[in-house]
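See below for the structure under consideration.
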Amino acid sequence: MEIETVSHKQSVLNMTIGALVGVLALLAYLFVGSRNETLEVQKLLTTKVEQFAVTQQKLDSISSVLDNKIIEVRKLGGSVSELERIKRQLENDKKKLKYDLSFSIQQYNLKINDYKAFLAQNDVNLRQLKTENGSLLNRARALEEEKQTILTENEGLKHEKAALTQTVDDYSLQNAELKNKVSLASAMKAVNVDVYALAANGKERRGGIYKASRIDRLKITFIMPSNPVAVRNNKEIYVRILDVNGAVVGENGGVIWAEGHEIGYSTRQTVFFENSDQQVDILFRRDAPYKPGAYTVELYAEGFRMGSGNFDVK
C-alpha cells in the first residue's frame, strides 16, 4: 500500500515537472518569436525613415533648382509662369510628405522623375532663350551702332546745314547791303535848295528873309543832279516845311514812310526825272499867315531825304 502511494506521488511529480517544462518551452518559443518580429519591424521602420529622408532631400534639391531657374529666366526676360506652377506643385508635395502615413517610395520616385523630366526640358528651353537673347543682343548692338552712325551723320548734316544757313544769311545780308547801297546810290538828290517868297501880284523876292505880309506863296527851287544808277521815270517829291517849333506847316499834307519812320509832309509834286541836272520848282500856298521865326524846308523822294533849305519870316 505504501509502495502504491509513493508511486502515485512520483507520477504526479513527473507530470507537474513535464507541464512546467512544456510551459517554459512555450514561453521560450513565444519570446524568441516576439523578439524576431520586433527586429523586423525596427528594420522596416529604419528603411522607411531612410527612404523618407532621401525623398525629402531630393524634393528640396529640385525646389532649389527651380528657384534658380526662375531667377535666371526672369533676367533673360522669359516667361516664368510654368516654372512657378511646378514650384507650387512641388511645395504641396513637400508639405504632404510630412504627414503622409501611407508613404510610398515608388509613388514619390515617379513624381521626382516627372520633376526631373520637366527640368531637363526647361534646360532645353533655357538654352534656346539664351540663344535668342544673344541674337537680340547682337541685333541691339548693331542697331545701336547704326543709331550712333546716324547721329554722327545727322550731327555732320547739322553742321553743314548751319554752315549753309550762315552762308545764306551772309549772302542775304550782303544782298540786303548791296540793295541798300544801290538804293542809296540811286536816291534822288536835291542841291542848291532855295526858298523864294511870291507876293499876290506874282513878284518874286529872294534873300531868305521875308515879311509875313508879303508871302502869298513859297517857291522851293533846287537842282536834281544826274545819277547813272537812277531810273528815268516819274518821281514823287514830298516837301516838309517846319516852323520854329518843329511843327509841319500845311493843312492839306499827309504822312509818308521815310528813312525808317513815319513823317508828315506839307505838299507833294510829281516830277519826271530826266537825269540831266534838271531844275525843279515847287509852289506852296497856305491860308494862315506865317509866324515870325526860322523855317526849315526838307525834300524827300522814294523814302530818302533829298536835301534841305531854310528861310526866315519877320
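Quick caveat, the model's predicted, so the values are computed rather than measured.
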Distance-minimising heavy-atom pair for Asp277 and Pro225 | OD1-CA, 3.1 Å
Say you draw a straight line from NZ of Lys219 to CZ of Arg205; how long is it, rounded to the nearest 0.5 Å?
-> 14.5 Å
Taking the six-membered ring where the residue is Trp, are the ring centres of Tyr265 and Tyr300 under 6.0 Å apart?
-> no
Step-by-step side chain to side chain contact (heavy atoms under 4.5 Å, CB included) determination, Tyr210 to Val313 | CA-CA 5 Å; Tyr210 312 109; Val313 176; 5.5 Å; no
What do the steps show when you test Asp67 against Lys87 for salt bridge (charged side-chain N to carboxylate O under 4.0 Å, His left out), and what is the final call?
-> CA-CA 8 Å; Asp67 288 337; Lys87 177 68 187 301; 2.5 Å; yes
Just wondering, do Tyr196 and Phe311 contact through their side chains at under 4.5 Å, heavy atoms?
-> no
To the nearest 0.5 Å, how far apart are CD in Gln89 and CZ in Arg85?
-> 6.0 Å
State, yes or no, whether a side-chain contact exists between Arg240 and Leu242 at a heavy-atom distance under 4.5 Å.
-> yes
Yes or no on side chain to side chain contact (heavy atoms under 4.5 Å, CB included) for Asn252 and Thr267, after CA distance, side-chain angles and deciding distance?
-> CA-CA 7 Å; Asn252 300 317; Thr267 187; over 6 Å; no
Measure across Ser266 and Ile241 and return the closest heavy-atom pair with its distance rounded to 0.1 Å.
-> OG-N, 3.0 Å
Give the C-alpha distance, both sets of side-chain angles, the deciding distance and a yes or no for side chain to side chain contact (heavy atoms under 4.5 Å, CB included) between Leu283 and Leu218.
-> CA-CA 6 Å; Leu283 299 178; Leu218 291 176; over 6 Å; no
Between Tyr238 and Glu236, a side-chain donor and acceptor under 3.5 Å = no
Ile220 and Ile223: same hydrophobic cluster, using ILVMFWY side-chain contacts below 4.5 Å?
-> no
Indicate, with yes or no, if Ile256 and Val271 share a hydrophobic cluster defined by side-chain heavy-atom contacts under 4.5 Å among Ile, Leu, Val, Met, Phe, Trp and Tyr.
-> no
OH-CG distance between Tyr115 and Leu66, expressed to the nearest 0.5 angstrom | 8.5 Å
Does Phe284 belong to the same Ile/Leu/Val/Met/Phe/Trp/Tyr cluster as Val193, with side-chain heavy atoms less than 4.5 Å apart forming each link?
-> yes
Under 4.0 Å between a Lys/Arg side-chain N and an Asp/Glu carboxylate O for Glu146 and Arg141?
-> no
In plain terms, say whether Glu298 and Arg305 are close enough for a salt bridge, that is, a side-chain N and a carboxylate O under 4.0 Å apart.
-> yes
d(Ser226 OG, Asn275 CG) to nearest 0.5 Å is 5.5 Å
Gln279 and Asp281: side-chain donor and acceptor closer than 3.5 Å?
-> yes
In one Ile/Leu/Val/Met/Phe/Trp/Tyr side-chain cluster, 4.5 Å: Leu198, Tyr295 = no
Does Leu299 belong to the same Ile/Leu/Val/Met/Phe/Trp/Tyr cluster as Ile263, with side-chain heavy atoms less than 4.5 Å apart forming each link?
-> no
Given the rule in the salt bridge (charged side-chain N to carboxylate O under 4.0 Å, His left out) test, do Glu91 and Arg88 qualify, once you have shown the distances and angles that lead to the verdict?
-> CA-CA 5 Å; Glu91 293 302 319; Arg88 289 192 297 270; over 6 Å; no
Taking Asn113 for its side chain and Asn109 for its backbone only, find out whether a donor-acceptor pair lies under 3.5 Å.
-> yes
What's the shortest heavy-atom distance between Phe273 and Lys235, and which atoms?
-> CB-CG, 3.6 Å
Of the options Arg286, Lys203, Arg285, which is the one that meets Asp216 in a salt bridge (charged side-chain N to carboxylate O under 4.0 Å, His left out)?
-> Arg285
Are Val195 and Asn310 side-chain neighbours, meaning at least one heavy-atom pair lies under 4.5 Å?
-> no
Taking all heavy atoms of Phe222 and all of Ala190, pick out the closest pair and write down the distance.
-> CD1-CB, 3.7 Å
With no hydrogens and no angle check, is any side-chain donor or acceptor of Ser61 less than 3.5 Å from a backbone partner on Gln57?
-> no
Gap separating the CD1 atom of Ile86 from the CG atom of Leu83, nearest 0.5 angstrom | 8.0 Å
Glu145 and Lys147: CA distance, side-chain angles, deciding distance, salt bridge (charged side-chain N to carboxylate O under 4.0 Å, His left out) verdict = CA-CA 5 Å; Glu145 291 177 358; Lys147 174 185 173 183; over 6 Å; no
Is the number of heavy atoms from other residues, nucleotides or ligands under 6.0 Å of Leu76 CG greater than 12?
-> yes
Salt bridge between Arg232 and Glu274, side-chain N to carboxylate O under 4.0 Å?
-> no
Please examine the side chains of Leu59 and Ile112, heavy atoms only from C-beta on, and report whether any two atoms are closer than 4.5 Å.
-> yes
May I ask you to test the Ile237-Met306 pair for a side-chain heavy-atom distance under 4.5 Å?
-> yes
Residues Ile209, Lys314; criterion side chain to side chain contact (heavy atoms under 4.5 Å, CB included); working and verdict | CA-CA 7 Å; Ile209 302 176; Lys314 60 180 181 176; 4.0 Å; yes
Test: Arg206 and Glu204 ion pair at under 4.0 Å | yes
Neighbour count above 12 (heavy atom, 6.0 Å) for Asp60 CG = yes
Output for pair (Asn192 CG, Thr221 OG1), nearest 0.5 Å, gives 9.0 Å
Is Lys75 salt-bridged to Glu72, cutoff N-O under 4.0 Å?
-> no
Has Asp287 got more than 12 heavy atoms of other residues, nucleotides or ligands less than 6.0 Å from its CG?
-> no
On a heavy-atom basis, the closest approach of Gly202 and Arg217 is CA-NH2, 4.4 Å
